[in-house]
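Report on the structure given below.
Since the structure is predicted, the reported quantities are computational estimates derived from the model, not experimental observations. The figures here come from the full heavy-atom set of this structure, side chains too, leaving out hydrogens, waters and symmetry mates. Chain naming here is simple, since letters A, B, ... match the order of the sequence lines and numbering starts at 1 in each.
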There are 2 protein chains.
Amino acid sequence: MTINDVAQAAGVSVSTVSKVVNARYGVAPSTMERVLQVISELGYETSLVASSLRSSRTNIIGILVAEFEPFALELLNGISATLRGTQYDLMAYAGNLAPGGRAGWEHRSLSRLGGTLIDGAIIVTPTVEIPHSSVPVIAIDPHAGTSGPAAIDVDNFGGAKTATEHLISLGHRRIGHIKGRSDLKSAHLRESGYRQALQDAGISYDPQLVHDGDYQRDLAAIAATDLLTLPQPPTAIFAANDLSALSAIETAKSLGLNVPNDLSVIGFDDIPEAAQSKPTLSTVRQPMHEMGATAVTLLLSMLAGEEVTQPAQMPASLIPRESTATAPQP
Amino acid sequence: MTINDVAQAAGVSVSTVSKVVNARYGVAPSTMERVLQVISELGYETSLVASSLRSSRTNIIGILVAEFEPFALELLNGISATLRGTQYDLMAYAGNLAPGGRAGWEHRSLSRLGGTLIDGAIIVTPTVEIPHSSVPVIAIDPHAGTSGPAAIDVDNFGGAKTATEHLISLGHRRIGHIKGRSDLKSAHLRESGYRQALQDAGISYDPQLVHDGDYQRDLAAIAATDLLTLPQPPTAIFAANDLSALSAIETAKSLGLNVPNDLSVIGFDDIPEAAQSKPTLSTVRQPMHEMGATAVTLLLSMLAGEEVTQPAQMPASLIPRESTATAPQP
DNA sequence: CTGTTAGCGCCTTCAA
DNA sequence: TTGAAGGCGCTAACAG
């Protein structure tokens with residue numbers, strides 16, 4: 001079912017059909033009607049691929065992710081809602097599913113789709129490389145410096161500080177931290193926030209209480225075990241992300257500890273699982289919906305020809321749930 | 001950055017570059033090395049659009065949705081997880097965001113992407129039309145007959161029956177129902193399940209207790225109001241979906257009723273909001289993750305050349321939460 | 001108003 | 001082993 005079939009069936013040339021499809025001027029009303037008739041009979045739709053190869057505009061916004069995990073999905077939700085009612089369709093592409101090459105998927109996806117298929121891109125990346133591209137790009141959560149394209153992220157430092165202050169306000173003095181991936185800026189910022197909160201409260205920093213969890217479930221479990229089997233274990237743990245926090249809760253349970261009575265745990269992100277765990281997880285929420293919406297807004301202005309370079313920083317907010325409680329009396 | 005630039009920089013022809021990129025035989029090792037060198041220097045990636053126009057395989061699975069709402073996003077999650085480790089990438093396309101034409105997006109999206117951009121499609125549709133296509137297609141939740149392509153849906157009848165039985169087991173005898181969209185088969189099946197459960201329990205069917213909610217929030221609110229202002233209002237309501245159920249709870253609250261003490265409410269779907277409402281919503285869960293996984297499995301076998309026509313029906317499971325309780329004593 | 005022509009970037013015969 | 005040529009479906013000049 002190509003434009004050729006339509007042209008043939010209607011007894012006109014392909015260019016005439018193209019004009020009708022794209023509502024160009026210069027087609028006789030009668031011809032137009034006949035062609036439209038044939039089109040609807042045959043159920044013809046113009047091929048996105050072919051037309052995008054030829055013309056530069058597609059009216060499609062691409063969102064590029066490594067894979068569709070909860071964070072990206074929430075973002076997608078906000079993006080989709082914001083895009084509704086505009087002229088743009090949304091195409092989400094996970095370019096890292098195939099086995100092999102983990103690195104550089106941002107560049108690969110952008111090169112493969114950019115320029116032709118999509119008019120602009122929102123790229124969700126936890127890595128450092130943000131390629132420059134022929135189309136406007138917004139990066140969300142680009143754990144990197146402020147170089148490169150317009151970027152959006154959450155206030156990692158402030159959020160971590162808030163989380164730690166929450167624990168302090170509950171009377172905790174011995175507070176552990178499970179760090180995130182050390183090559184990501186967000187991990188450092190979150191650790192800094194933790195240390196700042198301690199310092200502000202006059203609690204001295206104890207390196208023994210900080211272990212590496214790499215934002216991953218299994219490594220976080222090891223870190224939690226190390227922390228909890230210390231001669232003087234912490235009464236509370238701030239984990240750099242929810243995944244680590246949930247893992248820490250599991251570990252505490254397996255060691256016979258009760259959360260939150262024996263140990264308080266707080267995470268970062270507020271992924272959907274956080275609200276459904278037992279006990280439900282106290283955490284610091286990234287406003288993913290709003291981040292998605294902001295990304296769209298910025299991208300649309302870039303597409304409208306405006307210059308956008310200023311990175312946007314979104315606020316993080318404390319979500320106290322069941323996994324944090326007042327410190328046990330010694 | 002096209003294949004031409006690479007060819008020029010490497011001092012070879014485009015066809016040679018193409019052969020190198022696609023690992024075809026017939027290129028001298030030295031040439032190959034030089035070309036690869038240039039490719040990595042220039043950061044060249046083959047254009048998805050151009051190559052898909054020329055060759056039929058892209059190793060991309062498309063998932064076509066009207067928009068990215070919670071149901072589709074959960075599905076996406078399951079699909080993405082199942083696709084990991086296979087050779088396929090995932091492209092999700094929302095082809096109905098642009099204002100205007102609501103109907104027929106399935107056909108439009110499939111025509112525009114199928115045949116060239118994607119090797120196969122999973123289409124998430126609540127409407128009746130399921131177009132035939134040039135690529136293998138699996139339909140999820142196609143509230144339609146068994147005609148057309150391979151389809152996956154949930155046991156609507158059994159799930160509705162289970163929900164109603166749950167209310168009956170709590171002592172309710174006067175049970176209202178807020179129906180779904182009458183043009184969708186799922187709505188009829190859910191109503192049938194409700195009536196079957198009543199009949200099995202020896203409770204006579206009262207047409208006054210069944211109102212139309214169209215699966216929509218606002219219409220469900222009207223239906224709920226009508227039900228609750230009846231001379232003899234129901235003590236429990238089974239809503240055809242969670243959206244309607246949440247709306248019914250709102251309505252009940254605004255009428256001064258306490259849920260679940262004065263009125264029990266149960267929904268259908270188990271969307272994420274159900275676990276976070278106050279009170280949390282009892283419901284019947286569609287196994288969206290598993291439905292997505294099943295869709296992928298079926299699609300992969302179709303792509304491998306096997307015939308798949310048998311529709312898959314997934315089980316629905318009761319998720320009792322706070323919004324249902326024993327019937328108030330008269 | 002309509003049709004012919006020339007590519008968009010790529011892959012695939014087919015000659016050289 | 002290499003390159004030239006044709007064409008995938010479509011759009012955009014340009015002639016007629």
Bounds of contact between DNA chain D and chain B, in 5' to 3' order, using a heavy-atom cut-off under 4.0 Å: dT1(D) to dG9(D)

Euclidean distance, atom CE of residue M1(B) to atom P of dG9(C) [Å, nearest integer]: 11 Å

Donor-acceptor pair between Q37(B) and E33(B) side chains, under 3.5 angstrom: no

Sub-4.0 Å heavy-atom contacts from residues 24-37 of chain A onto DNA chain D, ordered by number: R24(A)

Integer-rounded Å distance: dT4(C) P and K19(A) NZ: 11 Å

CG on L73(A) to CD on E67(A), rounded to 0.5 Å: 9.5 Å

By side-chain contact (heavy atoms from CB on, under 4.5 Å) - contacts of S13(A) (at least two apart): S15(A), T16(A)

Per Y44(B) side chain, nearest of listed nucleotides dG3(C), dC11(C), dC10(C): dC10(C)

Identified side-chain contact (heavy atoms from CB on, under 4.5 Å) partner of V124(A) from the options L76(A), I63(A), I152(A), L64(A): I63(A)

Pairwise side-chain contact, I140(A) with D153(A), heavy-atom cut-off 4.5 Å (strictly under): no

Sugar-phosphate, base or nothing in reach of T46(A), heavy atoms under 4.0 Å: sugar-phosphate

Toward the 5' end of DNA chain D, by each residue's nearest nucleotide, T2(A) or G11(B): G11(B)

Touch class at under 4.0 angstrom, heavy-atom based, for V49(A) against every strand present: nothing

All side-chain contact (heavy atoms from CB on, under 4.5 Å) counterparts of D119(B), not counting sequence neighbours: R57(B), T58(B), N59(B), Y88(B), L303(B)

Test item: V20(B) and V17(B) side chains (from C-beta on) under 4.5 Å apart, heavy atoms: no

Sugar-phosphate, base or nothing in reach of S51(A), heavy atoms under 4.0 Å: sugar-phosphate

Euclidean distance, atom CG of residue L117(A) to atom C1' of dC10(C) [Å, nearest integer]: 14 Å

Close side-chain approach of L90(A) to I60(A), heavy-atom, < 4.5 Å: no

Atom-to-atom span, CG of L53(B) to P of dC8(C) - whole angstrom: 13 Å

Sugar-phosphate, base or nothing in reach of S15(A), heavy atoms under 4.0 Å: base

Given DNA chain D, 5'-ward residue of the pair R54(B) and V12(B), judged by closest heavy atom: V12(B)

By side-chain hydrogen bond (donor to acceptor under 3.5 Å, both in side chains) - contacts of S18(B) (at least two apart): N22(B)

Interatomic distance, L113(A) CG vs dG9(C) C1' [rounded to whole Å]: 15 Å

Under-4.0 Å side-chain N/O to phosphate OP1/OP2 contact, S55(B) with dC11(C): no

Separation of dT2(C) C1' from I3(A) CD1 (nearest whole Å): 14 Å

side-chain contact (heavy atoms from CB on, under 4.5 Å) involving Q216(A) - partner list, sequence neighbours excluded: D214(A), D218(A), L219(A)

Under 4.0 angstrom between N4(B) side-chain N/O and dC10(C) OP1 or OP2: no

